[in-house]
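Everything on this sheet refers to the single structure shown next.
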Amino acid sequence: QLQLVESGGGLVQPGGSLTLSCAASGVTLGYYVVGWFRQAPGKAREGIACISSNDDTTFILDSVKGRFFISRDNDKITVALQMESLKPEDTGVYYCAASRKHYGSLLGTSLCLRAIEPDYWGQGTQVTVSS
């Protein structure tokens, strides 16, 4: 059973930056499609940024494009979500999710748009953007 752990959340002022990290205990995430999902208060959980397992192509939600970036570390142990120019509407609980799917194209897009369902979820980390 893959256990995903998120870290890096917190309180930040508008315009500030945060980097979230997702790791799995004792396991590399290199073989998994990995994504970050956000659940804002009173809203459904949505895919923000996802990265494929087989070619590392990425999907970024339009509302955060140019401000949020997803990447794997060189050893493919962790997946980071770098968030810049944060806005109050970016507030929410951020979840890391992973799928075992390894064949096919645009797997990151499929994960974020829920065409494929995550096999694993983290517990989430709170991000609050407020002055």
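Quantities reported herein were computed from a predicted structural model and do not represent experimental measurements.
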query = Where the side chain of Arg72 meets the backbone of Leu29, is there a donor-acceptor pair that is under 3.5 Å apart?
reply = yes

His102 and Tyr32: CA distance, side-chain angles, deciding distance, side-chain contact (heavy atoms from CB on, under 4.5 Å) verdict = CA-CA 7 Å; His102 200 70; Tyr32 296 85; over 6 Å; no

task = Kindly compute the distance separating OG (Ser99) from CG (Asp119), expressed to the nearest 0.5 Å.
result = 4.5 Å

request  = Check Ile70 against Val34 and note the closest heavy-atom contact, atom names and distance.
outcome  = CD1-O, 3.9 Å

query = In Å and rounded to the nearest 0.5 Å, what is the CG to CZ distance from Leu81 to Arg38?
reply = 9.5 Å

key: Candidate pair Tyr94 and Met83, rule side-chain contact (heavy atoms from CB on, under 4.5 Å), full reasoning   = CA-CA 12 Å; Tyr94 284 70; Met83 305 185 292; 3.8 Å; yes

Point-to-point distance, once rounded to the nearest 0.5 Å, from CG of Asp73 to OG of Ser21 = 8.0 Å

task = Could you pull out the closest heavy-atom pair between Leu111 and Gly35, with the gap in Å?
result = CD2-N, 3.6 Å

request  = Would you give the length of the straight line joining atom CD of Gln126 to atom CD of Glu6, rounded to the nearest 0.5 angstrom?
outcome  = 12.0 Å

remark   = When every non-hydrogen atom of Ala23 is compared with those of Thr78, the smallest separation belongs to CB-CG2, 3.8 Å

remark   = Rounded to the nearest 0.5 Å, the CD atom of Glu46 sits from the CZ atom of Phe37 at a distance of 10.0 Å

With Tyr95 via ring-ring contact (aromatic ring centres under 6.0 Å, His included) - residues at least two apart = none

query = How many angstroms lie between atom OG1 of Thr19 and atom CZ of Phe69, to the nearest 0.5 angstrom?
reply = 10.5 Å

Closest heavy-atom pair and its distance - Leu107, Ser53 = CD1-OG, 3.5 Å

ask   = Do Trp36 and Phe68 have their ring centres less than 6.0 Å from each other?
value = no

ask   = Does Ser25 use its side chain to pair, donor to acceptor, with the backbone of Gln3 at less than 3.5 Å?
value = no

task = Flag the pair Arg67 and Glu84 as a salt bridge only when some basic side-chain nitrogen lies within less than 4.0 angstrom of an acidic carboxylate oxygen.
result = no

ask   = Do any N or O atoms from the side chain of Thr28 and from the backbone of Gly30 form a donor-acceptor pair under 3.5 angstrom?
value = yes

request  = Write down the atom of Lys65, the atom of Ile60, and the distance for their closest heavy-atom approach.
outcome  = CE-O, 3.3 Å

